[in-house]
Undergrad: 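Sharing a structure below in structure tokens format, with a few things to ask.
Being a predicted model, the structure only gives us computed values, none of them experimental.
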Protein chains: 2
Amino acid sequence: MPTVKDVARRAGVSPATVSNVINRKGNVSPALVESVTRAIEELGYRPNVLARGLRVSRTYTVGLVISDMLNPYFSEIAAGVERVCSGRGYTVLFCTTGDDKYAEAKHVQVLRDRQVDGIIVASTGAGNEVIEKLVADGYPVVLINRRLDGVEADSVVSDNVGGALQVMDYLVSLGHRRIAFVAGARDSLPSRERLDGYLRGLAKAGIMVDNDIIRYGYLKYSGGYEAAKYLLALPDRPTAIFAANDMMAIGVMDAVLEAGLTIPQDISLVGFDDTMLSSLKRINLTTVRQSYLELGEIATKMLLDKLSKRPGRRSLKRQVVPCSLVVRGSCAHVTAKTNVPGVGSAAPAGR
Amino acid sequence: MPTVKDVARRAGVSPATVSNVINRKGNVSPALVESVTRAIEELGYRPNVLARGLRVSRTYTVGLVISDMLNPYFSEIAAGVERVCSGRGYTVLFCTTGDDKYAEAKHVQVLRDRQVDGIIVASTGAGNEVIEKLVADGYPVVLINRRLDGVEADSVVSDNVGGALQVMDYLVSLGHRRIAFVAGARDSLPSRERLDGYLRGLAKAGIMVDNDIIRYGYLKYSGGYEAAKYLLALPDRPTAIFAANDMMAIGVMDAVLEAGLTIPQDISLVGFDDTMLSSLKRINLTTVRQSYLELGEIATKMLLDKLSKRPGRRSLKRQVVPCSLVVRGSCAHVTAKTNVPGVGSAAPAGR
DNA sequence: TTGAAAGCGCTAACAG
DNA sequence: CTGTTAGCGCTTTCAA
């Protein structure tokens, strides 16, 4: 591999001049620019980014910490991060934590050791000390869907509360008053926020909270399935079920069908996330759309903007990205309960 | 940030000794190991991986080139790559090409500029020259699901032909003889190979090829939907449809239902990939499982093994990973066509 | 405008 | 066993 020296020799100039040509600095005469450029091409010279990084202590690399690449939410975030980075000459170094506190700490350290210019954390791992230390050390960090009170870390979160409120308004507008909520794990922030939106929606409509129709479970198909089994067996079963995410909603869906009931005639159902699943004709689930791609993009822009500014300005940025209700065919007006069952994919009464 | 020098000063030794302690080399006396270790901890010293990389020309970084992070196949591959890398002290630098030839060339160059130790290419972008150059330059490369004849690049591919053959054997064993194939784009290697397996399966069963029931389309829902519309309108319509991937199969499924036909009673259907979709009760698709996670893991092991060996050994490795048929409820014995339609989720006749 | 020289932080040779 | 020295490839003073 040729180096600046080789190029310099071939062009009959000094390494410094070669460097100046490459970085368009220090006013080099057109003649030399020309010959250096030719030498670079002839030799197929490529700058060693490592050496440059060592010298200028800037690597144009962004570290990305996510929980799990197999989860579509995170891979969408990763896609957003990569898209913005690649457009601005940055590269992404990524690692996954499996939501393990120690893995998170370890990987953040690895990223620092590799001198990444900044770190984006989209992991729900509970290791707040890691983040606090990062910020305390003056490291540029942006948090996705994770917020630490009292810590000066920029963050971008989706408006889970607002999205859930939209769902509630919609269900209430369809005449539902007995609405169940199927939540994920109690320590999942998004799930908690969606639950919060649910509760606010109830309050807004003047509906009393019934803790018996708020179920907690694993944020997966099985969690929804089990919760629905319970809810459907209730003497006074709900007319609508709001699940904390799409996978759970699909679990609910199957349980409802197994009980011999129909969606949306007997039970209205809403999910959250607008996964690709929800749009399938056989699922056709009303849900809330949140673009995780966008979340990743926004976070990355925040970080890169920060990197290009003087380190002085320490303004704390907290961006909330809105969600939007996507109405499909899984909800009906509450009076539609009297409809003939069995049609399955009837158009929704709403809209 | 403290450096080796700072540590050396504090421990009262030379930088070289510090380095030796860190890298467990050159037999340092226990006493000095002890004091150096303490100095490191007291200072919170962390080696600068950039500087080390510059010196030893080894970065413990793997470059990963994929088509698109939003596609579950690729994010699964990425997960596999990351898993193995992180387990062996490597980090992953990743970029996406969108299957664009020039983007691929550019990104591969970026990875080289960053001195990654090796590159894994899981992109279907048609830029073979890029790969050829990489290999010609002696760069360690492993290709996933992409094979270049005449190029000395290691590769790991899934056994698409074998998987498709299993599907055909299964359908034939159910008595089907009029089996349609819904292919993806003509230049998609996996799709071509699956088609190849289909053709071989026909030959094996002594069934004549009917080009009218081999349809090409976009490897997505719509592609399957359109193809099925055509196939179902045929005077002598097929009794079974084999789609090149799950998304297409779901498109086929919807078209079949819209035509007032039932799966599997009227039409048997098989997909490929075993996406999470296929296992949903409402889909319940018989398909072929290929673990892309495993593909990523195998490729990474190949690469890392290569990196730890002497550069002399230039054995070309080409690994084929088997697929397996996953029987669910979308196929029935051909005589079952006479069954009463409308049951929808009857158990498959096979097995 | 251009070049010489120093140094980013680290490790490999070699000398002691 | 330990320290001195040199240099990986680059950029950046500073002097010419």
Undergrad: Does a side-chain N or O from B:S14 land closer than 4.0 Å to OP1 or OP2 of D:dT4, or not?
TA: no
Undergrad: Return the value, rounded to whole Å, for the distance between atom NZ of B:K5 and atom P of D:dT4.
TA: 12 Å
Undergrad: From CG of B:N48 over to P of D:dC10, roughly how many Å is that when rounded to an integer?
TA: 17 Å
Undergrad: What integer distance in Å separates A:N23:CG from D:dT12:C1'?
TA: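 In whole Å, D:dT12 C1' and A:N23 CG are 11 Å from each other.
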Undergrad: Provide the start and end nucleotides, 5' to 3', of the part of DNA chain C that has atoms under 4.0 Å from heavy atoms of chain A.
TA: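 Here the contact window of chain A covers C:dT1 to C:dG9.
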Undergrad: Let me know the distance between CG of A:N20 and P of D:dT11, rounded to the nearest Å.
TA: 9 Å
Undergrad: Have a look at B:D154 and tell me which of B:K306, B:K317, B:Q319, B:R318 forms a side-chain hydrogen bond (donor to acceptor under 3.5 Å, both in side chains) with it.
TA: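 It is B:K306; the other options fail the test.
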Undergrad: Any donor-acceptor pair under 3.5 Å linking the side chain of B:E76 with the backbone of B:L293?
TA: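 Yes: the side chain of B:E76 pairs with the backbone of B:L293.
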Undergrad: Has A:R146 got a side-chain atom pairing as donor or acceptor with A:S123's backbone, closer than 3.5 angstrom?
TA: yes
Undergrad: Near DNA chain C, under 4.0 Å by heavy atom, which residues of residues 50-61 of chain A?
TA: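 Correct list: A:L54, A:R55.
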Undergrad: Does a side chain donor of either A:D117 or A:T59 reach within less than 3.5 Å of an acceptor in the other side chain?
TA: yes
Undergrad: Should B:T61 and B:Q115 count as side-chain neighbours, where that means a heavy-atom distance under 4.5 Å?
TA: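 The answer is no, as the side chains (C-beta and beyond) never meet within the 4.5 Å cut-off.
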Undergrad: Could you check how far CD of B:Q115 sits from C1' of D:dG9, rounded to whole Å?
TA: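 To the nearest whole Å, that distance equals 9 Å.
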Undergrad: Rounded to whole Å, how long is the line connecting atom CE of A:M1 with atom P of D:dG9?
TA: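 For the pair A:M1 CE and D:dG9 P, the rounded distance is 11 Å.
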Undergrad: Can a side chain N or O of A:S19 be found less than 4.0 Å away from OP1 or OP2 on D:dT12?
TA: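 No, A:S19 has no side-chain N/O under 4.0 Å of OP1/OP2 on D:dT12.
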Undergrad: What's the verdict on salt bridge (Lys or Arg N to Asp or Glu O under 4.0 Å) for B:R112 and B:D137, showing C-alpha distance, side-chain angles and the deciding distance?
TA: CA-CA 11 Å; B:R112 295 186 62 167; B:D137 291 357; 2.9 Å; yes
Undergrad: Tell me the interatomic distance from B:E34, atom CD, to D:dC1, atom P, rounded to whole angstroms.
TA: 17 Å
Undergrad: Say whether B:D99 and B:S67, considering side chains only, have a donor N or O and an acceptor N or O under 3.5 Å apart.
TA: yes
